[in-house]
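Each chain gets a letter, A, B and so on, in the order its sequence line appears, and its residues count up from 1. Small disclaimer: the values here were computed from a predicted structure and weren't measured. Hydrogens, waters and symmetry mates play no part in the numbers below; they use all other heavy atoms, side chains included.
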Amino acid sequence: MRLEILYYMSKRTKIKALLESEQTHIEVTVKGWIRTFRNNQFIALNDGSTNNNIQIVVDFENTDPTLLKRLTTGAAISVVGELVASLGKGQKVEVKASQIEILGDSDPEKYPLQPKKHSLEFLREIAHLRFRTNTFGAIFRVRNTLSYAIHTFFQDRGFVYLHTPIITASDAEGAGETFHVTNFDLVNPPKTETGEIDFKQDFFGRATNLTVSGQLEGELGAMALSDIYTFGPTFRAENSNTTRHLAEFWMIEPEMAFYDLVDNMDLAEALLKFVIKEALAKNADDLEFLSQRLAEEEKQKPQNERSDLSLIDKLQFCLDNDFQRLTYTEAIEILKESTPNKKKKFQYPIEGWGTDLQSEHERYLVEKHFKKPVILTDYPKQIKAFYMRQNDDEQTVRAMDILFPGIGEIVGGSQREERLEKLEQRMDEMGIPKEELWWYLDTRRFGACPHAGFGLGFERLVLFVTGMGNIRDVIPFPRFPKNAEF
RNA sequence: UCCUGAGUAGCUCAGCCGGUUAGAGCAUCUGACUGUUAAUCAGAGGGUCGCUGGUUCGAGCCCAGCCUCAGGAGCCA
């Protein structure tokens, strides 16, 4: 990157470019927010372009004292000065300021972010300012890389990015509680003669809600475009209070015609590896910082709970190893024979075939037994959704869940049931109203073909790559029960 | 929603068996120092002890209800 060009285009040079500059003794303009002002002489300035700060050297003896007093943590400033090799240790280059302008003051008595350690809980309460910390700066730059990498991955493979609706009328997908969308006066909504709320008079002429999944619409697209993916917000009104659930989250849902379950797994594994690789390549500084942050945090934990791999090693390990693939039935066998099960260490002992695995079981498989990402397939049909393709054993369906260490389920997908009779039979059994999904069933009536897809929880991916522990810290403004501030 | 724990200065926390004027570190302010890396040294200011009610001569501490937060579970991505 040539600094002159950047300077011309934006009237300032971003700190990332300055720190990478091979040239010195050039005049530069740099703008950003003060992190600390040390020794009445050294400003650590950050503009979010990188995790690293640039050091601004102030000639305090020849600077107006009232200006010096306004160089406080959090203030926005513009600096003109010479980029020089640093005289001190700790940085290669620094800017010898010739002109400093305060763009925005920051009252140090009131500004909540002071140069000290703050807890993640506190920062969550000031989510509007937490971008200005090293940790959150790194997280959101990594999030950006992952987001872009997902598009790159699919675009390179000829997938069509399809915008499925945010507002939907079907409440039939069984993916969880929905948020209602209405124009009614909630105090006095129109009623029918029988006293029920009359949705015929509502904006859409029927009851509507925010989407819980774009999959069904995604399948419609795939039945003509071959390969599509969605990447958009998803809403679940579950009263979930955990480190892995949000009421508003982003999900990637590819849907591929002529794919079977193995193709589906191959694609999901390739996608995860690609985006992790991109993050390692493009956010080395950020991940190094997050890796150290995690190491510090792990020091607080008892020895046996600590991870033996650093964050970066963990990500690299993911790239270097194939995910372990096995069926639900095989997993049950392993769990049955496992030490914690025999020693009755599981809160929910493995009793037999047919029930869903508990978190502790998934963790055992991923973190203790295989020690790598695991793909479980062919679950019992009674614990999975109606649209999954039924196996010949009449007991299981072509489902696959990808389980990651520390996160649990990061991907859930399946080969879809393309046979009309089988699908209708399953919908009847599960009480899914066929009339409402007439358009979905039409794809099985006209040119049905084998196809498959999955849903990847974007925040869970960001959680894994950044090594953070709470999903509320990897989305800018988390929505969860009792919280929609900002 | 359930289980467990927590809520005391701007932040992180201590506060004994219920007893006089509620403490520390960091941050902030003032002064000193001036090539510092979360600078350092000295000093100062800063409190509705989550809210409501109760027990008691007396409550930060005990009891009840509520609110909020964290961790775990369920629901799932």
We want to know whether A:E219 and A:Q215 form a side-chain donor-acceptor pair, criterion being a heavy-atom distance below 3.5 angstrom. yes

Under a 3.5 Å threshold, yes or no: a donor from one side chain and an acceptor from the other, between A:S86 and A:Q91?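 Checked: A:S86/A:Q91 side chains pair up, N/O donor to acceptor below 3.5 Å.
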
Let's see if you can work this out: which of [options] has an atom nearest to the side-chain heavy atoms of [X]?
X	options	value
A:S359	B:rG74, B:rC11, B:rA38	B:rG74
A:S86	B:rG72, B:rC69, B:rG35	B:rG35
A:Q41	B:rC76, B:rG35, B:rU28	B:rG35
A:H118	B:rA77, B:rU37, B:rC11	B:rC11
A:K116	B:rA77, B:rG35, B:rC11	B:rC11
A:P108	B:rA73, B:rG35, B:rC29	B:rC29
A:K482	B:rU28, B:rU12, B:rU68	B:rU68
A:Q358	B:rG74, B:rA38, B:rA77	B:rG74
A:E409	B:rC11, B:rA77, B:rU30	B:rA77
A:E109	B:rU12, B:rG35, B:rC29	B:rC29

For a quick check of understanding: with a heavy-atom distance under 4.0 Å over all strands, which category does [X] fall into, base, sugar-phosphate or nothing?
X	answer
A:I252	nothing
A:E94	base
A:R35	nothing
A:E61	nothing
A:R472	sugar-phosphate
A:S240	base
A:K96	nothing
A:T234	nothing
A:G88	base
A:L87	base
A:F122	sugar-phosphate
A:P112	nothing
A:Y348	sugar-phosphate

So, do A:F477 and A:F131 have ring centers that fall under 6.0 Å from each other?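 Ring centroids of A:F477 and A:F131 are less than 6.0 Å from each other.
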
Pairwise [atom1] distance for [N] and [M], with rounding to whole Å:
N	M	atom1	value
B:rC62	B:rG23	C1'	23 Å
B:rA32	B:rG71	C1'	46 Å
B:rG53	B:rA44	C1'	39 Å
B:rG31	B:rU21	P	35 Å
B:rU48	B:rU8	P	11 Å
B:rG60	B:rC16	C1'	13 Å

Distance check: side-chain N/O of [X] vs OP1/OP2 of [N], anything under 4.0 Å?
X	N	result
A:N239	B:rU1	yes
A:Q114	B:rC11	no
A:R38	B:rA39	yes

Rounded off to whole Å, could you give me the CD1-to-P distance for the A:I471 and B:rG72 pair? 13 Å

Find the distance A:N241:CG to B:rC76:P and express it as a whole number of Å.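 In whole Å, B:rC76 P lies 16 Å from A:N241 CG.
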
Is the cationic atom of [X] (NZ for Lys, CZ for Arg) positioned less than 6.0 Å from the six-membered ring centroid of [Y] and within 45 degrees of its normal?
X	Y	result
A:R472	A:F480	yes
A:K371	A:F317	no
A:R157	A:F153	yes

Check this for me, if you would: do A:E459 and A:R143 make a salt bridge, where the nitrogen-to-carboxylate-oxygen distance has to be below 4.0 angstrom?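 Answer for the salt bridge query: yes.
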
Does the ring of A:F458 meet both stacking tests against the six-membered base ring of B:rA77: centre distance under 5.5 Å and plane angle under 30°?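 No, the aromatic ring of A:F458 does not stack with the base.
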
Return the orientation label for the A:F231 and A:W250 ring planes: parallel under 30°, perpendicular over 60°, tilted otherwise.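 Perpendicular: the ring planes of A:F231 and A:W250 meet at over 60°.
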
